[in-house]
Each structure stands twice: as C-alpha cells, then as structure tokens.
Amino acid sequence: MSAPPTDTNIQARGVDRMLVRLEHLDKLLNLAGEVIITSSTLHELQRDMTDAVTHSRAMTEGDLQIIKSADETSTRISQDLHDLVMAIRTVEIGETFKLFRRPVRDLARNLKKEIELKFEGEKVLIDKALAERIVEPLLHMLRNAADHGLETPIERIHQGKNEKGIILLRAVEHEGETEIIVSDDGRGINEQKILDKARTSGSNTSADILTILCTPGFSTKERATETSGRGVGLDLVNTMVQEFNGTLTLNNVPKSGCTFHLRIPKLKAVNIIDALIVRCTDTLYALSIDKVVSLQGVRSNEIQASMDRERFIRYLGEPIALFDLSELVGSSSSAQENPELVPVVIIEGKKEKIACVVTEFLAPAKLVNVPLATDMFDRDVTGIAGTCIISGGRVGMTVDIDTLVAMAVGDPIRPSEGHFDASSFSEKPEPASSSDKAEAIQSSVPSTVIVGHTQDELIAKSKLSAQRDRIANRIEESSQKDLSDVDISDLLTELSRGLMELQDALISLEHHQDPELMKEAFRRLHAAKGNFTMLGYTVSATLSHQLETLLDYVRKGSVELSQELMDILLDGVAELNSATKNLPAENTALLVRIDTVMRSLDKTETVTDPDKLLGTTFTLVPVVELQLLGALKQGSQTYETFIRFKPGRQAEFLVACLILRKLCYYGTILATLPSVGDIENGYCGQAIKVLWTSLLKPDELKAAIDKIAPLFGILEHRSIPTTVFRYETSAEI
C-alpha cells in the first residue's frame, strides 16, 4: 500500500529483529489478557443471541449494552496494540548519531580542518525504519557541511571565530512528527554562486536555492573529490524526505553558517491503513485515503482525448490523464453500470495526479494490509501492495498508488537508493568512481520480527542458513557446532553492537586518556575475540588479539596513542564489524600495518622459521636456571623438545598455545622459543621449541606426544634430554 509513512517499501534494509523493552512486553501481556476476556464475553453473547433467535426471543437492553461494551473494548485494545507495536519499533536517535563520529573524524583529517561534532536530543525516539534509512542522507549532509561549509582554521581565526568548527546534529520531537536539524557555524551558502552555476549548467534559475541544490547532479565544485562534488548528496536527502512524506527546509546565514531542517511525520503501523474501497467489476480495491484527491461522477461527454493523452478529464481546470484502474493492474476493464455517468477517483502519486475509472465507490474503512509474497506469482504484480479483508469477509487488493501512477504516466520507477552496507565504519569506493567514496556505516541491530513468510524473510533465512553451514565447516568437532540459526544471529548482532561501542570508546580515548574508557575498550575487544573464536572466525579472533596487544602497549605507556595508531585501531574495528556481516577474510594491508607497529615496539627479533628455530638456543635468566637445577635434584628429567605442526584452519598462535597447555599435563615448562609473550602477540610460525622438565622417561614422553599429535596437527617432534650447562645465562632477572 502506498500510504507513505506506512509503506512497507520504506523498510528497504534487510533487518529482521530488534531489542524489545521489558515494559513493552508487560503491556503486551496485559493486552493479551484483555483480548481473552473480551473474546470470552463475545462467546457468551453469541450463545445468548443464538438462543434468542432459536426461541424467537427479543434482544434485551442488557444484550445491547454488552454488545456496545464489547465494541468499545475491542476498539480501545486495537488502538492500544497499535500504539504499543509502534513504540516497540522505536529506537533512540542517539544510536544513529554515534555512527557519524568516525567519518567526521576522518573528514577533519582529510580536509585539514578542526571539526567538533555535537549531538542534541539523543533520547528522541524514532522508528527503526527511519533510523536505518536516514544514515546515508545525514552522512552526505555532514560531508557537505565539513567540505563546503566550515572554513580552514586560519580562515576562522581571521574572521574572529574559534579555529574549531562546529557541526550540530539535533533531534526535536513534535506532535505527529520528528525534526532532525543539521547545522554548522561555517561560511554559509554563497547564493549568488549557486545562481551563476545554475545558469551555466542549464538548471532552473527561477527556483529557490534549496530546489537548485537538490537538483540531481548539481554541484558548485568544478572537480569531484573524495569528499564531495558529484551532486548526489542533497538529491539523495530530498528523495529520502519525500519517501517519508516529510519536508526539507534551509535557513542560510552568510558568514555564520546554514541549517537544514528535516521534518518527517511519525510512522504509523505499516500494515494498518485508512482506505477508500472501490469496486472494479467483481474485484475490490483499497486506496489509501491520503492519496485520494477527489471522487467524481464524470459524464461520458466530459471525457476528452488529445494527441499526447488517450483520454483525460479536467479537474479544477487542469487536464488529468484518465485510465481504467482494473486495466492498470493487469485485469480486464471495469464494467459500467451507468455508461452516462462514470465513477472516477483522482489519485496522486509522488509527482503527478491521474484519474481512474471504477465501477462503484464503497465506504472508507480501516484495514489490515497483508503484503504479497511475490515469489508466489509467475508474473509481476506491479501496482498491488497486498491483500486485505473487508467487512463481510470479502477479500480486496491494496493498491500501491505511487508505483501505479508512475507506471501509468510512463515515469521509470526509480529504484530505492542503495542502502549502506553496515559491515564497515570506514570509507569504501563507489563502483562509478574510484575518487568518490562513500562511508559505509551500520547499526546492525536487527529490527522487528517478521510475521509470516515474505520473500525478504525467506532470503534472509537462506543467507543465514548458508552462513551457518560455512561456519560449521570451519570449526573443530569440540567447538560450538550445535549453534542454532538464532544463536548465530544473536551472537553476530551482539558482536556488532559491542564493536560500535568499542569504536565510540576509542574515538573518545583519542581526546581523553581516561582509564575507564581504556578498560571499556579492552573489555569489548576481549569479548569480541571470545565470540569470534566460538564462531570459528579464527582470522577475526587473531585480529582482535593483535588489536588488544596494540592497545596494551598504549595502556602501559610503551607507545603514544598517535593518529596513525588510532587509524589502525579504528580500521581494525571496522574490519571486525565487517566480519559480522560476511565470512571474514584476511586484510593483508591492515595486517602489514599492525605488524610494522608491533615490530617497532619489540626489542628483539622473533624467530618463527622452523629451520632457524632448530639452530636457536635458549637464553635463560638466573631464576629459570635455578628452577631447572631444582628439577634435576628432585629426579625430574629435563628435555629440549622441538615440535612442528600444521595449524589447518586455526591460527598458528592458537595452536601453539594449545600445544603448550597440553604439555603442562606432563611436566613444567621453563622456557619457549618463540617466547610465550611473542606467541600470544601472534609472532609464531608452524614450529615451537620448549625447555621443560618431566617425570616421564624418553620413550614415555614420545608416546604421550604421539597420542596428542592428531589433535593438534603435529607433523614431527623430537625430545632430547639436556642439562642447564648447555645454555647461555642472561644477566637479567
């Protein structure tokens, strides 16, 4: 159905679940109880009425009062359920605002400007569909404000402003609508420059400034950059606002900045519609009331024809193209009971009005629309949004008026703007141009639970099932192979949510070295590492571990949290978030950057090559030397053991850690090559060398390692008895 804020097509993003507050569930349970009580009352009333009809007894005043009470109660419950469902669908807009902290930070660096992003009204609640759809338009507005609006620091100081520019995102809740304000304190819009550019580009110079700015392809920049210049930003914003039946206004103050106001009506229930019922021959159609302009009885001699329009009528002096509603949706023409007076309904799409011939006007009604599962049909059903049950148990078809009008007037139906792949917080190049980048941002918190089996739901389930199969093939028999589809979805959702909070903590850390923020970042990274390991995402688990190590260097004061290091951390978090949407793959460039930083912080060269490892001797500190001598005195045998393994799907450092843990069952480990610290930091090849003590004799030790070899992919191992005198002693304690 095409009632704009209720149009299910608005929900283009493929989310299928969201968090629900406990208070809302309590209210839902209370309403369910009231429904049961009302149902019981109606059942008793039905029995009384049946008995009255059977025995020819007239209805009493009490019966009528019960009917009236039941009707009022059901109406109230229906409204309460509607309000509750819409409340459940809402989220705080602050969660959407937070998505822009990283892109604005990167914009400031790229543009060599000082930018502070401020938020107001973060607690304002908006529908989840709007929260998802508004991300890309707001991002374009922020990029325009940063690039076109804010001056460079030296310009701002010269003009008597603070060198740091301010961009404000503000949400205000009004009765029946939500206002989102994007403002900056920059140079404002040069209106004369806009008009001059409009003349040279052939745009309509008589239109207002905002209309010109929203013209597709219009830009004042001579050359497109990575930030702006393609002329798609405000066009995209305007399109989104129109989809939600909202308005976009501009308040421009030269030299002081400009403010955009997006006023968007609050969404109504996506499947409850106020509709006008019309009949075309034997088929009933429901037309959204707010799209119906007029109902008319047109005499046959008032229907005119012209060269460019087959048929048209005049409405308020304006020619309106005339079509048969039944023919537009692919059926036979509507039968006319009175050919001299034709029933015509005038409807309005996004850009134009058309008139439709019907057989009969019926009464308006509040209906429940059931979207069509289009995979059930062998042909397109363009113009039909779903079905509905009309009073009397009759089935009707709900009309998608916007699509129907666009199809009737030959306007190509514009596909919905490409939604953001929330798999990353970093910029990604658009296919059209390597120089024009769009930041891919996501709140991957799932939305409402889908009821029924729509095509989107079936596709989502298919993708999730395929993802689960891939995960199951990558994890060991001993790991969580019994994860259900719901478990995996919940785990990935929680992972994405935690990574968003991690990104927020890291950006705050860049400005304030707060121990609590550092603690929060560590906790999030550690949780992510555990969850990725549970899923069998070893690439992501390894990356999480390396990022944790980098952050540990900062915490210990070994390295300063520079912009370069922060970029690596944020890019790493973006890569991890991408893994929650797609099966992770190694980002070689990022790994090289991490490895370079870690190498610069390490004091010693770590040997990971198996052949070199064989020729490397242990350097023992005095404490370890004393431990070794003590073990010899107690009758334990000291061994030097070389183990080479094939990690398979697991990360090398994980396999090495597991082998060391297993060896602890048979003795005491004194030293390892690479060191335990290096192994934990990911510096490990496919071999380790261990100095340890054990009560096992050489043949017993060989049998023990042979037994665990298949579990850890051990290809070869050698153990030789040794003494402390073989090793060089370090002076360090």
Side-chain angles (χ1 to χ4, degrees), residues 1-10 82 242-245 265 267-298 303 311-313 315-316 318 320-338 341-372 374 380-411 413:
M1 189 66 190
S2 146
T6 68
D7 188 351
T8 55
N9 290 331
I10 288 176
H82 170 271
Q242 289 180 358
E243 285 180 9
F244 283 87
N245 252 16
L267 293 185
K268 303 173 184 176
V270 295
N271 60 341
I272 300 176
I273 54 175
D274 291 312
L276 170 72
I277 311 300
V278 298
R279 178 171 65 87
C280 294
T281 312
D282 297 323
T283 305
L284 301 180
Y285 295 98
L287 309 174
S288 178
I289 286 288
D290 58 0
K291 291 286 185 177
V292 175
V293 177
S294 174
L295 305 179
Q296 295 188 354
V298 178
I303 299 175
R311 296 190 300 171
F312 70 92
I313 62 173
Y315 172 68
L316 301 179
E318 175 189 358
I320 303 290
L322 181 65
F323 303 90
D324 190 298
L325 177 62
S326 188
E327 290 179 348
L328 282 178
V329 297
S331 186
S332 56
S333 58
S334 304
Q336 296 302 311
E337 297 175 352
N338 181 4
L341 191 63
V342 180
V344 171
V345 56
I346 299 175
I347 55 179
E348 184 173 19
K350 290 183 178 179
K351 297 181 179 179
E352 195 165 345
K353 302 183 186 72
I354 64 170
C356 293
V357 172
V358 298
T359 302
E360 181 185 8
F361 303 132
L362 301 178
K366 187 180 289 290
L367 305 173
V368 176
N369 176 55
V370 180
L372 290 178
T374 54
D380 290 338
V381 284
T382 306
I384 297 297
T387 61
C388 56
I389 303 298
I390 300 170
S391 61
R394 295 171 294 176
V395 177
M397 307 292 284
T398 53
V399 178
D400 182 351
I401 291 181
D402 287 335
T403 302
L404 193 75
V405 172
M407 180 177 62
V409 299
D411 185 19
I413 300 172

(request) Before giving the answer on side chain to side chain contact (heavy atoms under 4.5 Å, CB included), spell out for Val293 and Ile347 the whole-Å C-alpha distance, their side-chain angles and the decisive distance to 0.1 Å. (result) CA-CA 5 Å; Val293 177; Ile347 55 179; 5.9 Å; no
(request) Step by step, work out the side chain to side chain contact (heavy atoms under 4.5 Å, CB included) result for Ile390 and Leu362. (result) CA-CA 11 Å; Ile390 300 170; Leu362 301 178; over 6 Å; no
(message) Apply side chain to side chain contact (heavy atoms under 4.5 Å, CB included) to residues Val278 and Leu325 and explain how you reach the verdict.
(response) CA-CA 10 Å; Val278 298; Leu325 177 62; 3.9 Å; yes
(request) Quick one: do Ile303 and Phe312 satisfy side chain to side chain contact (heavy atoms under 4.5 Å, CB included)? Show the steps, please. (result) CA-CA 6 Å; Ile303 299 175; Phe312 70 92; over 6 Å; no
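Thr281 places a side-chain N or O within donor-acceptor distance of the main-chain N or O of Ala335, the cut-off being under 3.5 Å. Looking at Glu348, its side chain never comes within 3.5 Å of a backbone N or O of Asp402 through a donor-acceptor pair. Thr398 contributes a side-chain N or O that, together with a main-chain N or O of Gly386, makes up a donor-acceptor pair within less than 3.5 Å. Side chain of Ser326 to main chain of Ser334: no donor-acceptor pair is present (N/O by atom type, distance under 3.5 Å, no hydrogens or angles).
In this structure, CE on Met397 lies 4.5 Å from CD1 on Ile384, to the nearest 0.5 angstrom. Taking CG of Asp400 as the reference point, atom NZ of Lys291 lies at 9.0 Å (rounded to 0.5 Å).
A donor atom on one side chain and an acceptor atom on the other are found under 3.5 Å apart for Ser288 and Asp290. Side chains of Asp324 and Ser333: a donor-acceptor N/O pair is absent below 3.5 angstrom, by distance only.
Sorted by first then second residue, the salt bridge (charged side-chain N to carboxylate O under 4.0 Å, His left out) pairs that include residues 279-288, not counting sequence neighbours, are Arg279-Glu337, Arg279-Glu360.
Between Phe361 and the choices Leu295, Ile277, Val344, the side-chain contact (heavy atoms from CB on, under 4.5 Å) rule is met once, by Leu295.
Using a 4.5 Å heavy-atom cutoff, the side chains of Val395 and Ile389 are in contact.
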